[in-house]
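Here the structure comes first, spelled out in structure tokens, and everything after it is commentary.
Residue numbering restarts at 1 for every chain, and letters A, B, ... go by the order of the sequence lines.
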There are 2 protein chains.
Amino acid sequence: MTTHDNDAFKPIATVDLAIFSLSPAGLSVLLVRRANAPFAGDRALPGGWVHIDEDADLEAAARRVLKEKTGVETPYLEQLQTTGSRSRDPRGWSISIVYIALLSADAVAKRQDLMAEEAEWRPIEGEGVGLSLAFDHASLLKEALARIRGKVEYSSLPGHLLPVRFTLSELQSVYETLLGRKLDKSAFRKRMAEADFLEPVEGEMRRASNRPAQMFRLKDAQSLVLFDRRI
Amino acid sequence: MTTHDNDAFKPIATVDLAIFSLSPAGLSVLLVRRANAPFAGDRALPGGWVHIDEDADLEAAARRVLKEKTGVETPYLEQLQTTGSRSRDPRGWSISIVYIALLSADAVAKRQDLMAEEAEWRPIEGEGVGLSLAFDHASLLKEALARIRGKVEYSSLPGHLLPVRFTLSELQSVYETLLGRKLDKSAFRKRMAEADFLEPVEGEMRRASNRPAQMFRLKDAQSLVLFDRRI
DNA sequence: CAGTGTTAGTGTAAATATTCAACTAAGTTA
DNA sequence: TAACTTAGTTGAATATTTACACTAACACTG
């Protein structure tokens with residue numbers, strides 16, 4: 001057996017992001033158009049090198065890329081997976097650490113002007129975006145969608161896609177969109193109460209031409225709450 | 001905004017493994033003693049550089065390290081997480097891709113002679129191993145344990161720690177060990193039947209000085225089955 | 001200002017699942 | 001053959017889930 005301790009392998013390493021938000025067309029992902037080779041002109045998940053001088057850790061690098069592309073600073077952010085292989089980048093053995101970010105609807109609206117030139121929102125259709133993507137990004141996006149759809153079943157994930165204040169009906173509607181099925185209203189409300197990740201915003205009500213609804217906000221906008229049972 | 005496309009950041013990158021098996025003392029993890037600096041003499045999770053010429057992808061690198069240290073070729077293997085920061089390795093900005101491996105009890109016994117010299121099994125106590133580990137490996141091990149304990153609640157994970165053939169009573173006993181609580185026998189059997197990841201080994205029974213028990217094996221030794229409800 | 005439409009939020013009976021413990025089954029051992 | 005041990009099943013009491021109907025609170029209409 002040989003020791004490789006002084007023969008450090010240094011692959012090409014990037015941090016790539018699957019950034020999601022809700023648009024009128026449903027769940028959408030942020031894509032950029034690549035300026036340079038390889039895959040120049042193709043769409044890709046936004047990403048970038050880790051800046052060895054600037055980024056203290058991988059999550060900091062992910063937050064930096066996110067801010068560069070969207071202007072948003074405090075999203076829900078979670079590491080998805082790392083892929084690395086000889087063949088995924090024509091320039092050689094490369095590694096990509098993939099993060100998932102969820103942007104609240106009002107954060108997206110407010111920072112519209114801060115969004116990077118080359119970035120655009122694309123609605124999700126089925127398992128992807130109906131476009132071929134650079135590198136293995138189509139497969140990374142598919143994994144990200146699988147993770148998100150899985151977590152909708154037993155976590156507060158959809159709450160991170162809404163504006164800061166929302167009603168229970170709006171929240172239920174996001175769950176239904178992401179799950180692709182209808183939920184029972186009373187069972188839904190019971191789950192939300194048990195899971196204990198919402199707090200009512202005192203004195204604030206959604207008013208329309210019908211009974212006003214209590215508004216809620218997430219107790220913690222940064223972290224997911226996992227349920228005891230499926231929704 | 002600057003482009004860094006030709007300024008590829010190349011960190012130090014290793015694949016590290018949290019390899020678990022069952023010993024008489026319960027769940028155990030494989031540790032190695034480091035031969036070289038940094039942390040020479042300390043215990044660490046087994047790991048190594050990706051071999052750019054030899055490993056097609058990250059999982060291949062993980063399987064190679066696993067085989068070098070244990071002699072086992074076909075374990076349950078799953079990527080846990082990737083950590084990367086300026087400070088985790090005194091040699092500079094470094095990345096570690098961490099995998100979890102589960103070894104079946106008979107695989108461990110059979111390959112005892114193939115196990116690496118410097119490797120040893122240490123029983124888990126609480127959130128770790130009661131030893132300080134090199135780098136941030138204590139924290140990586142803690143994350144690995146959290147992942148495992150979480151999955152025991154709603155997956156076939158414990159089945160991957162048993163010998164290839166086992167009885168339902170043995171399986172229940174492993175669930176109980178990992179969960180730290182007793183389970184109801186009839187409810188347990190109902191769950192296992194619903195989850196549908198076991199198949200009876202026809203004609204084989206465990207015989208002792210009592211009623212013989214049907215033996216079972218995993219339908220798929222490589223993959224986990226997730227349950228609809230908690231166990 | 002009564003009537004209607006619409007969405008918010010609650011209540012309840014029937015169906016389903018869980019729990020707890022007792023029971024039967026099939027072998028070995030004395 | 002009786003006692004012992006572990007395998008595997010059954011069932012009644014209790015808790016939870018589901019489906020759906022009900023009440024509540026507003027705006028709008030005439």
Side-chain angles (χ1 to χ4, degrees), chain A residues 105 152-156 158-159 162-163 165-177 179-218 226-231, chain B residues 24 105 152-156 158-159 162-163 165-177 179-218 225-231:
Chain A
V152 174
E153 290 278 0
Y154 63 93
S155 84
S156 63
L162 282 168
R165 288 146 164 49
F166 50 85
T167 67
L168 286 177
S169 295
E170 289 164 346
L171 183 60
Q172 180 174 348
S173 162
V174 179
Y175 271 92
E176 288 173 343
T177 301
L179 289 171
R181 69 171 197 269
K182 288 286 175 188
L183 298 175
D184 179 78
K185 183 160 57 163
S186 85
F188 179 80
R189 283 160 187 257
K190 198 174 168 199
R191 277 276 185 284
M192 294 304 110
E194 286 168 3
D196 192 37
F197 65 99
L198 297 175
E199 58 186 5
V201 184
E202 298 301 340
E204 264 194 74
M205 305 289 265
R206 156 94 64 250
R207 5 195 72 255
S209 67
N210 49 28
R211 177 171 174 174
Q214 178 64 56
M215 306 223 57
F216 292 86
R217 68 176 159 225
L218 299 176
L226 303 183
F227 304 162
D228 279 351
R229 303 171 177 261
R230 294 201 162 199
I231 200 158
Chain B
V152 174
E153 291 278 0
Y154 62 95
S155 84
S156 63
L162 282 168
R165 289 148 164 54
F166 51 85
T167 67
L168 286 178
S169 296
E170 288 164 347
L171 184 60
Q172 181 174 347
S173 162
V174 179
Y175 272 92
E176 289 173 343
T177 301
L179 289 171
R181 68 170 196 268
K182 288 287 175 187
L183 299 174
D184 178 77
K185 183 160 58 164
S186 82
F188 179 80
R189 282 159 189 257
K190 196 174 169 199
R191 278 278 184 282
M192 296 302 111
E194 283 167 6
D196 191 37
F197 66 97
L198 297 175
E199 59 186 4
V201 184
E202 298 301 339
E204 262 194 76
M205 304 290 263
R206 156 93 66 246
R207 4 195 73 255
S209 68
N210 49 28
R211 178 172 172 174
Q214 178 64 55
M215 306 223 58
F216 291 85
R217 67 177 159 225
L218 300 175
V225 173
L226 303 182
F227 304 163
D228 279 350
R229 303 170 178 263
R230 294 203 162 199
I231 198 156

Q | Whole-Å gap separating P (C:dT10) and NZ (A:K190) | A | 13 Å
Q: Could you check which of D:dC20, C:dT28, D:dG11 has an atom nearest any side-chain atom of B:S186?
A: D:dG11
Q: Would you mind checking if B:E153 and B:R181 are paired as a salt bridge, meaning a charged N to carboxylate O distance below 4.0 Å?
A: yes
(Q) Under 4.0 Å, counting only non-hydrogen atoms across every strand here, what does B:R230 touch: a base, just sugar-phosphate, or nothing? (A) nothing
Q | Atom-pair distance (CG on B:L198; C1' on D:dA7), nearest Å | A | 16 Å
Q. Could you give the CE-to-C1' distance, from A:M205 to D:dA24, as a whole number of Å?
A. 11 Å
Q. What is the distance from CZ of B:F188 to C1' of D:dT10, rounded to the nearest Å?
A. 19 Å
Q. Within the structure, does a side-chain N or O atom of B:R206 lie under 4.0 Å from either OP1 or OP2 of D:dT6?
A. no
**Q.** Closest to side chain of B:N210, choosing from D:dC26, D:dT9, D:dT6
**A.** D:dT6
Q.
Rounding to an integer number of Å, can you tell me how far B:R191 CZ sits from D:dT9 C1'?
A. 18 Å
Q. Does the A:R191 side chain pair with the main chain of A:R230, one donor and one acceptor, at a distance under 3.5 Å?
A. yes
Q | Protein-nucleotide distance (A:L168, atom CG; D:dA24, atom P), rounded to Å | A | 20 Å
**Q.** B:Q214 side-chain N/O to B:T167 backbone N/O, donor-acceptor pair under 3.5 Å
**A.** no
Q) Which whole-number value in Å describes the distance from A:R181 CZ to D:dA19 P? A) 11 Å
Q: Please tell me which of A:A187 and A:R207 maps to the more 5' nucleotide of DNA chain D, matching each residue to the nucleotide holding its nearest heavy atom.
A: A:A187
Q: Return yes if some donor-acceptor pair links the side-chain N/O of A:S173 with the main-chain N/O of A:S169 below 3.5 Å, else return no.
A: no
Q. Of the candidate nucleotides D:dA27, C:dT18, C:dA8, which contains the atom at the shortest distance from the side chain of A:S209?
A. D:dA27
Q: Counting heavy atoms from C-beta on, name the nucleotide in C:dA21, C:dG9, D:dA7 closest to the side chain of B:D184.
A: C:dA21
**Q.** Shortest side-chain distance from A:P212, nucleotide among C:dT28, D:dC26, C:dA8
**A.** D:dC26
Q: Measure the distance from CZ on A:R189 to C1' on D:dC20 and round it to the nearest whole Å.
A: 15 Å
Q | Nearest listed nucleotide, side chain of A:R211, among D:dA7, C:dG11, D:dA25 | A | D:dA25
Q) Between C:dT10, C:dT28, D:dT17, which nucleotide has the shortest distance from any of its atoms to the side chain of A:K185? A) C:dT10
Q.
I want to verify a distance call: between C:dG27, D:dA7, C:dG9, whose nearest atom is closest to the A:Q214 side chain?
A. C:dG9
Q.
Taking B:R229 first and then B:E194, would you say they form a salt bridge - that is, a charged N and a carboxylate O separated by under 4.0 Å?
A. no
